[in-house]
Enquirer: 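Okay, here's the structure, questions in a sec.
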Amino acid sequence: MTKNDATGKHFVLAHISDPHFASVDHIQPGDFLTKRLLGYLRWKLKRQAEYDSDLLAILAEDLQKRKPDHIVVTGDLTQLGLPVEFVMAKEWLQSLGPGNKVTIVPGNHDMYIKTDWHETFTHWLEYMVADTQLQAGGITYPGEMFPSLRIRDRIALIGINTAHQSSPHLAIGTIGVEQLEKLETILKLLSQQPLFRIVLIHHPPVNNIVSWRKRLTDGASLRNLLEKYGAELVLFGHSHKKVNTTLDSLSGIIPLIGAPSASSLSNLDAAQSCYYLYTITSTAKGWSVHVQERVFSLETWCFVSGSEWDLSFRSEEVELNL
């Protein structure tokens, strides 16, 4: 990697996923003829007891104390993609920061069924658009915004949209040919720049993390691009559990880190509510990253320090120092 002229500079990024704001009592009679019926039943029979949106306000307060330079949310901000849930999520996003300080990508729950753009995604527009689209008008659906590219200091945030309507009982994600073509252009360009590249996506890009019915249908195509052009980090959600794995590329090993649901009440280590803080530091040889979990404690009802580890990026490799 090219020697960094800003050696020693720190950038702190917070990663949150799957908050699942729910207001299922606002479901309309006509919704019971759609996929929302199954989502409603799953929430009432199971998820309502396993998730608590009160944790999200506590998380926002904890973030205010940590003061990260930027925050990313990797999808499923809503439970049923209801207009009222989009408003709830927007109010929470505003508590985290303005659009230039917070970046989100949609999840499959946010695109549960076909919805009115003006009642849903327009509420999140400032948190999704690329830097080149900040003054652009006329956006009418998420596909026009992705892949997105936001550069903060020397951190390149590449947002991918995998959210599409799917059949009942499926929670699959798809990037699509058009988005993959644009993504290749972005990744190729960034591979020639001295930037720390972070890919944001909802569905895990590798196999064996989620079941077949929750998979990323064109994950192989994404992996091919990452293997060819590289990235420093890939952050995702969807699985509702902590994931720490890697992907080989021509420029080195890419860490892939998945966050559990931020609103989970689970006391299981892999599934308990947490978010990640990445302290990214430029070095003479490339980059180093210190990763810290902030885990919700059911005993103290607040977020506390969890596991920590380091990533050291060199010219053509990354070392995991656990």
Side-chain angles (χ1 to χ4, degrees), residues 12-22 47 50-60 62-63 66 68 70-81 85-86 88-90 92-93 95-97 101-112 124 127-128 142 146 148 150 157-163 171-173 175 198-206 209-210 214-216 219 222 233-245 255-266 268-278 291-296 303 306-307:
V12 180
L13 179 80
H15 173 210
I16 307 165
S17 201
D18 295 75
H20 284 281
F21 279 96
R47 286 193 166 184
E50 297 176 350
Y51 298 88
D52 188 343
S53 61
D54 288 345
L55 273 61
L56 301 173
I58 299 172
L59 187 156
D62 194 70
L63 276 171
R66 309 299 146 197
H70 202 84
I71 300 169
V72 298
V73 187
T74 50
D76 277 3
L77 283 80
T78 70
Q79 175 61 25
L80 297 181
E85 294 174 345
F86 275 82
M88 293 166 65
K90 179 184 179 180
W92 178 69
L93 289 169
S95 75
L96 300 183
K101 292 284 189 179
V102 182
T103 298
I104 68 173
V105 294
N108 54 289
H109 278 259
D110 305 320
M111 191 73 77
Y112 221 58
W124 302 349
Y127 299 97
M128 294 191 294
F146 294 99
S148 63
R150 292 176 152 200
L157 302 169
I158 307 152
I160 300 174
N161 175 33
T162 60
I172 58 174
I175 302 171
I198 304 176
V199 174
L200 310 174
I201 188 169
H202 180 63
H203 290 77
V206 292
I209 292 176
V210 295
K214 297 182 178 182
R215 74 195 188 282
L216 180 62
L222 174 58
L233 277 177
V234 177
L235 307 180
F236 59 90
H238 190 51
S239 68
H240 286 211
K241 62 184 179 182
K242 300 176 187 177
V243 179
N244 191 348
T245 186
L256 282 63
I257 300 178
S261 170
S263 57
S264 171
L265 287 171
S266 175
L268 299 176
D269 178 68
Q272 64 188 135
S273 171
C274 89
Y275 70 92
Y276 293 93
L277 289 172
Y278 302 85
V291 188
Q292 179 187 5
E293 294 178 353
R294 294 291 298 172
V295 182
F296 186 76
F303 283 83
S307 299

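For clarity, every value in this text was computed on a predicted model and none was experimentally measured.
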Enquirer: Apply side-chain contact (heavy atoms from CB on, under 4.5 Å) to residues Ile172 and Asn108 and explain how you reach the verdict.
Expert: CA-CA 7 Å; Ile172 58 174; Asn108 54 289; over 6 Å; no

Enquirer: Taking Trp92 for its side chain and Leu56 for its backbone only, find out whether a donor-acceptor pair lies under 3.5 Å.
Expert: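 Pair found, side chain donor or acceptor close to backbone of Leu56.
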
Enquirer: Among Leu235, Thr103, Val72, which residue satisfies the side chain to side chain contact (heavy atoms under 4.5 Å, CB included) criterion with Ile198?
Expert: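 With Ile198 as partner, side chain to side chain contact (heavy atoms under 4.5 Å, CB included) holds for just one option, Leu235.
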
Enquirer: Run the numbers on Leu77 and Trp124 for side-chain contact (heavy atoms from CB on, under 4.5 Å), then give the verdict.
Expert: CA-CA 10 Å; Leu77 283 80; Trp124 302 349; 3.6 Å; yes

Enquirer: Could you list the residues that satisfy salt bridge (charged side-chain N to carboxylate O under 4.0 Å, His left out) with Asp62, not counting sequence neighbours?
Expert: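 Salt bridge (charged side-chain N to carboxylate O under 4.0 Å, His left out) list for Asp62, sorted by chain: Arg66, Arg294.
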
Enquirer: Looking only at non-hydrogen atoms, find the nearest pair between Asp110 and Phe86 and report the distance.
Expert: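 Heavy atoms of Asp110 and Phe86 come nearest at O-CZ, 3.4 Å.
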
Enquirer: Do you know which of Ile209, Ile160, Thr74, Leu216 makes side chain to side chain contact (heavy atoms under 4.5 Å, CB included) with His203?
Expert: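 The single option meeting the side chain to side chain contact (heavy atoms under 4.5 Å, CB included) with His203 is Leu216.
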
Enquirer: Looking at Tyr51 and Ser264, what are the two nearest heavy atoms and their distance?
Expert: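 Scanning both residues completely, I find the closest heavy atoms to be CD2-CA, 3.5 Å.
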
Enquirer: Considering all heavy atoms of both residues, which atom of Pro19 and which atom of Ser263 are nearest to each other, and what is their separation?
Expert: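 Taking Pro19 first and Ser263 second, the nearest heavy atoms are O-OG, 2.8 Å.
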
Enquirer: Are the side chains of Met128 and Pro106 in touch, meaning some heavy atoms are under 4.5 Å apart?
Expert: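 Touching, per the 4.5 Å side-chain cut-off.
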
Enquirer: Does the side chain of Asp269 come within less than 4.5 Å of Val295's, by heavy atoms?
Expert: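 Heavy-atom side-chain distance check fails, nothing below 4.5 Å.
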
Enquirer: Going by atom types alone, do His238 and Asp76 pair a side-chain donor with an acceptor below 3.5 Å?
Expert: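 No donor-acceptor contact under 3.5 Å links the two side chains.
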
Enquirer: What verdict does the side-chain contact (heavy atoms from CB on, under 4.5 Å) test give for His70 and Tyr278, after you've listed the backbone C-alpha separation in whole Å, the side-chain angles of each residue and the deciding distance to 0.1 Å?
Expert: CA-CA 10 Å; His70 202 84; Tyr278 302 85; over 6 Å; no

Enquirer: Any non-hydrogen side-chain atom of His109 less than 4.5 Å from a side-chain atom of Glu85?
Expert: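 The answer is no; the side chains never approach within 4.5 Å.
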
